[in-house]
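Everything on this sheet refers to the single structure shown next.
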Amino acid sequence: MTDNTQRPHDGHNSPAPELPTQYAPADVEGKLYERWVERGYFEADAASEKPPFTVVIPPPNVTGSLHLGHAFEHTLIDAATRRKRMQGFETLWQPGMDHAGIATQNVVERELAKDGKSRHDLGREAFIERVWQWKDESGGQISGQMRRLGDGVAWSRERFTMDEGLSRAVQTIFKKLYDDELVYRAERIINWCPRCLTAISDIEVEYQEDDGELVSIRYGEGEASVVVATTRAETMLGDTAVAVHPDDERYRHLVGTEIELPLTGRRIPVVADAHVDPEFGTGAVKVTPAHDPNDFEIGQRHGLPMPAVLDERGVITAHGPFQGLDRFEARSAIVGALRAEGRVVAEKRPYKHSVGHCSRCKTTIEPRLSMQWWVKVGPLAKPAGDAVRDGRVAIHPEEMTKRYFDWVDNLHDWCISRQLWWGHRIPVWYGPNGEMVCVGPDEEPPTGEGWHQETDVLDTWFSSGLWPFSTLGWPERTESVEKFYPNSILVTGYDILFFWVVRMMMFGMYAMDGTPPFQTIVLHGMVRDQFGKKMSKSFGNAVNPLDWMDTYGSDAVRFTLARGANPGTDVPIGEDWVQGSRNFANKIWNATRFALMNGATVDGPLPAPEELSAADRWILSRLNTVVAEVDAYYDDYQFAKLSDALFHFAWDEVFDWYVELSKTTFQAGGPAADVSRRVLGEVLDVTLRLLHPIVPFVTETLWTALTGGESLVVAQWPADGGFRDAAAEREIAVVQELVTEVRRFRADQGLQPGQKVPARLDLTGTALAPHEAAIRSLLRLQPEGEGFTATASLPVVGATVALDLSGTIDVAAERKRLAKDLAAAEKEKAQATGKLGNEAFLGKAPEPVVDKIRKRLATAEEDIVRITAQLAALPEA
RNA sequence: GGGCGCAUAGCUCAGCGGUAGAGCGCUGCCCUUACAAGGCAGAUGUCACAGGUUCGAUCCCUGUUGUGCCCACCA
């Protein structure tokens, strides 16, 4: 980004460090990644004795490139996997891509359209050839991005849903379903996209509120007339009845009669059907069985004809003046014609109503009667629901389980056939006399006159539903299947819980003898911009993760994403935050530089506790605590929490305090310095290990420099050694309290941070005596000189610090500060006293709480005494 | 129309029956020999509103308002 070499104060007199003063991600990331891959760290060995840890990539569409949402998902998967690898698991992070039927076909067709061609100009085979060609050209983009991000995937196992092996899996499972009568062919109303020219499943339809027009039309004449309302007037050409509720008095006389259908010269029956809501509108409904799912059912119940009046492109096919018009043109033309005949009795405009759109191309969906293949989901969904119900599969966060059940318990049959060319062609052959044969992977299709294969392909989600085991070589019972199925976790967005997760659950259990495909499902949220807004290209707030990685480094992007990953909730991310993470990486960099410059060591065992200083014991105690915390957070998939815990431990405790304290020790030299060097090395060693899964690059660079170890990727994950030292933690807390208090005083007095001040410390009666040198150094306090004149004396935490300000003390400022502190302490005292005077409180509150209040009161009283003393010690203004 | 969730610092979000937290932003002083991508110090909240339970409520309950998401065949 900017040229950093111009920093004016680059320490020219500091010992030539091996590492530059700033971390430059670009210099190391690419090299490190390639080294990791070359050494085979990410490969998974099915013959390994180690326990397996398996996770699959939610396969991205070959068409695409990765966006920030992928970067987020990959960060979580990669972090979880890297930790497991360090813990000694045989890890498989399975890479691959999805052929993404409609999406990919659309992209290639668009390319063709540039040359004025359609897929039909090429023909099926040539077109598919063309798609493969396109896939080969563009598929590399995604793996390039994954490398940049640092994804530790087993590249040798990369799979594609249209691979030969995966196609075999598809064919195998289809055949099994066919033989078990769990797939069938039926004519129904399906969601049809008039642009993609294919059926799509219910969940591929996106509903949104559109402005339409509700037109009320009078069918029939005089007594024999009813008013019906519609937003799709063009479908009236296909009406074959008017339906009313059986109990509706208003229309009872008409049921069984025929009335005139305007514009057509046809007469249609009035039927009674309980589906009609008599309260809604006029209580009479026009029935278009070929173009509406409800009407289709009414039509079936009453044996009505089901003429189609729109073709696959949404053009009117019904003979007459409207033939050849597009559905929307036809709509206004028909309303116009009806109006001219005085048939329109009411119009509501705009009329907001929910309209279905193709999730791929946003074209308005047209319900259409057609012959399709279906999966009978009932028998598959039941076990998929039970596996979660009985706890064999856990969903994180738990709140999402309800959504899962809502879905899996109310599934409709799944329309799996698509009128596309790009995809797995349905392995069914039709014979000349209506025969139907499903052909398994090792079977020969029937030959002879009149046999032909089904032209439809399968829904993309059909093959992705097999992903957790098809990638392992199934249907072969490979070593990998044995070793790595079921997957340990699945990490994916809550938005594809239904599309993908449910299908994997159903197919996994069906194919693998009832074994669910994973043990734990971890659902994450969506990445949003820094204001919580959805990222989208059209809105202009979409971010290419590569741009940020270029500027700030992959670790910064990863850390920012991990730090935002609260379970199941959306993740806002802004460039400022990435910058903050970059700063953190740089901070780690410099802290380790400091350690290296001061001879921190990782060799040999840690000194025995009795050799350690209080600061050493404090930081080691904290370190072990943090190890335990981080582990607990990992086990609960709390990526935000563990990132935050590490951030604050590293920066606030290790860097801001332990490193600062160690400076004094190093300066003094001697055995204590050696001990501290070893402890500093230990603390950094462990901290870098803990951070590695989230920020692999910077930690790897530093850790190898610090320890000379081979690689953090295969280093051991730290364990909580159980070392705790509450006394040392308290002792250092007191040091911190004193230092902070005096710093505050200094700042209020307007003393420049670097300015040395003669001071006398009276630390008697406190645990602070051994820390005098450190305290003096942190506070820039000099020994008292010849004519020492204390003008300010601060009793803090039982110790006294007398500063010689040579008469320059700003009494007013200090008085103000102390007055404020005094007021706070008095308020505190009043509150605590009030509570402790409350019988009810004393009677009912648990003892620890009461105790806490007592301590608060004691502290407040001490503070009051102390501050009062300080005030009294102030010279007159 | 159902279901779920959320309202906490300027922004984005944690937290949670017992003294309000983080990141970024903001203010002041400082190139203190690891780091100015830094250090030190500091300011900032009727925890949406109204009731209730409790010794005690930001947290639990009820209602109100606002807001987001998912599902649904309402012509």
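First the proteins, then the strands, lettered A, B, ... as listed; each starts at 1. If you're wondering where the values come from, they're calculated on a predicted model, not measured in any experiment.
Around the CD atom of A:Gln667, the shell of radius 6.0 Å holds no more than 12 heavy atoms that belong to other residues, nucleotides or ligands. Shown here is A:Glu398, whose CD atom has no more than 12 heavy atoms of other residues, nucleotides or ligands within 6.0 Å. At most 12 non-hydrogen atoms from other residues, nucleotides or ligands lie less than 6.0 angstrom from CD of A:Glu839.
Residue A:Gln579 places no side-chain atom within donor-acceptor reach of the base of B:rA37, judged by atom type and a 3.5 Å distance cut-off alone. In terms of polar N and O atoms assigned as donor or acceptor, the side chain of A:Arg744 never comes within less than 3.5 Å of the base of B:rA41 in a complementary pairing.
Take A:Glu653 and apply the salt bridge (Lys or Arg N to Asp or Glu O under 4.0 Å) test, not counting sequence neighbours, and it matches A:Arg622. For A:Trp407, the ring pair (Phe, Tyr, Trp, His ring centres under 6.0 Å) partners at least two apart in sequence or on another chain are A:Phe498. By the ring pair (Phe, Tyr, Trp, His ring centres under 6.0 Å) test, A:Tyr637 is found to be paired with A:His396, residues two or more places apart in sequence or in another chain being considered. Remark: A:Phe666 engages no residue in a ring pair (Phe, Tyr, Trp, His ring centres under 6.0 Å) (not counting sequence neighbours). Residues that satisfy the ring pair (Phe, Tyr, Trp, His ring centres under 6.0 Å) test with A:Trp414, not counting sequence neighbours, are A:Phe507.
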Kindly give the atom pairs (protein nitrogen or oxygen, nucleotide nitrogen or oxygen) under 3.5 Å for nucleotides 5-9 of chain B.
none

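Applying side chain to side chain donor-acceptor pair (under 3.5 Å) to A:Lys286 and the options A:Asp292, A:Thr235, A:Asp295 leaves one that passes, A:Thr235. If you run side-chain contact (heavy atoms from CB on, under 4.5 Å) between A:Leu738 and each of A:Leu778, A:Val796, A:Leu794, only A:Val796 comes through. With A:Leu702 as the partner, the side-chain contact (heavy atoms from CB on, under 4.5 Å) test is satisfied by one option alone out of A:Leu684, A:Leu596, A:Leu19: A:Leu19.
At least one cation-pi condition fails for A:Arg563 and A:Phe639: the charged atom is not both under 6.0 angstrom from the six-membered ring centre and inside a 45 degree cone around its axis. Cation-pi check for A:Lys587 over A:Phe647 is not met; the charged atom does not lie both under 6.0 angstrom from the ring centroid and within 45 degrees of its normal.
Under the 3.5 Å distance criterion, the side-chain polar atoms of A:Asn566 are left unmatched by any main-chain donor or acceptor of A:Thr569.
Sorted by first then second residue, the salt bridge (charged side-chain N to carboxylate O under 4.0 Å, His left out) pairs that include residues 270-284 of chain A, not counting sequence neighbours, are A:Asp273-A:Arg301.
As a whole-Å value, the separation of A:Gln530 CD from B:rG10 P is 18 Å. Across the protein-nucleic acid pair, A:Lys835 atom NZ and B:rG56 atom P stand 9 Å apart, rounded to whole Å. Straight-line distance from the CD atom of A:Glu575 to the C1' atom of B:rC11: 16 Å, rounded to whole Å. To the nearest angstrom, C1' of B:rC30 lies 16 Å from CG of A:Asp748.
Comparing the P positions of B:rG17 and B:rA7 gives an interatomic distance of 15 Å, to the nearest angstrom. With both ends at atom P, the span from B:rG3 to B:rU64 equals 14 Å, rounded to whole Å. Between the C1' atoms of B:rG66 and B:rG25, the separation comes to 26 Å (whole Å). Of the P atoms belonging to B:rG5 and B:rA41, the separation is 42 Å, rounded to the nearest Å. B:rC31 sits 28 Å from B:rA22 when the C1' atoms are compared, rounded to a whole Å. Between B:rU8 and B:rC60, the two P atoms lie 15 Å apart (nearest whole Å).
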Can you give me every donor-acceptor pair (side chain of residues 821-829 of chain A, partner residue at least two apart or in another chain, under 3.5 Å) with its distance?
{"unit_1": "A:Asp821", "atom_1": "OD1", "unit_2": "A:Arg744", "atom_2": "NH2", "d": "3.2"}
{"unit_1": "A:Asp821", "atom_1": "OD2", "unit_2": "A:Arg744", "atom_2": "NH2", "d": "2.6"}
{"unit_1": "A:Glu828", "atom_1": "OE2", "unit_2": "A:Arg856", "atom_2": "NE", "d": "2.7"}
{"unit_1": "A:Glu828", "atom_1": "OE2", "unit_2": "A:Arg856", "atom_2": "NH2", "d": "3.4"}

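Remark: A:Thr740 is in phosphate contact with B:rA41, judged by side-chain N or O atoms under 4.0 Å from OP1 or OP2. Distances shown here put every side-chain N or O of A:Ser662 at or beyond 4.0 Å from the OP1 or OP2 atom of B:rA34.
Out of B:rA37, B:rC13, B:rG3, the shortest distance to the side chain of A:Lys402 is found at B:rG3. Distances from the side chain of A:Met597 to the nucleotides B:rC55, B:rA34, B:rA14 place B:rA34 closest. Nearest to the side chain of A:Asn566, among B:rA14, B:rA34, B:rC11, sits B:rA14.
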Whether each nucleotide of nucleotides 19-27 of chain B has a protein heavy atom under 4.0 Å at its base (B), only at its sugar-phosphate (S) or at neither (-) is summarised, 5' to 3', as B--SSS---

Report, as a single string ordered 5' to 3', how protein heavy atoms within less than 4.0 Å touch nucleotides 68-75 of chain B: B base, S sugar-phosphate only, - not at all. -SSS-BBB

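Contacts of A:Phe655 with the nucleic acid, taken as non-hydrogen atoms under 4.0 Å apart, include base atoms. Within the 4.0 angstrom heavy-atom criterion, base atoms lie near A:Glu660. Within 4.0 Å (heavy atoms only), A:Asp656 reaches sugar-phosphate atoms of the nucleic acid but no base atom. Using a 4.0 Å heavy-atom distance criterion, A:Val228 is classed as making no nucleic acid contact. Using a 4.0 Å heavy-atom distance criterion, A:Thr592 is classed as making no nucleic acid contact. A:Lys641 comes within 4.0 angstrom of sugar-phosphate atoms only, judged by non-hydrogen atoms across all strands, and of no base. Residue A:Lys827 is classed as having no contact, given no heavy-atom separation below 4.0 Å to the nucleic acid.
The stretch residues 839-851 of chain A comes close to RNA chain B through A:Ala840, A:Phe841, A:Lys844, A:Ala845, A:Pro846, A:Val849, each having a heavy atom under 4.0 Å from the strand.
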A correct dot-bracket answer for RNA chain B, with pairs being Watson-Crick or G-U at under 3.5 Å, [ ] for crossing pairs and | for inter-strand pairs, is (((((((..((((....[..)))).(((((.......))))).....(((((..]....))))))))))))....

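Of the charged side-chain nitrogens involved, at least one lies within less than 4.0 Å of a carboxylate oxygen, so that A:Glu847 and A:Arg854 count as a salt-bridged pair.
Ranked by how close their nearest RNA chain B nucleotide is to the 5' end, A:Gln667 and A:Ile573 are led by A:Ile573. If A:Gln752 and A:Gly532 are placed on RNA chain B by their nearest nucleotide, the residue sitting closer to the 5' end is A:Gly532.
Residue A:Leu497 comes nearest to A:Met400 through the heavy atom pair CD2-O, 4.4 Å, listed as atom of the first residue, atom of the second, then distance.
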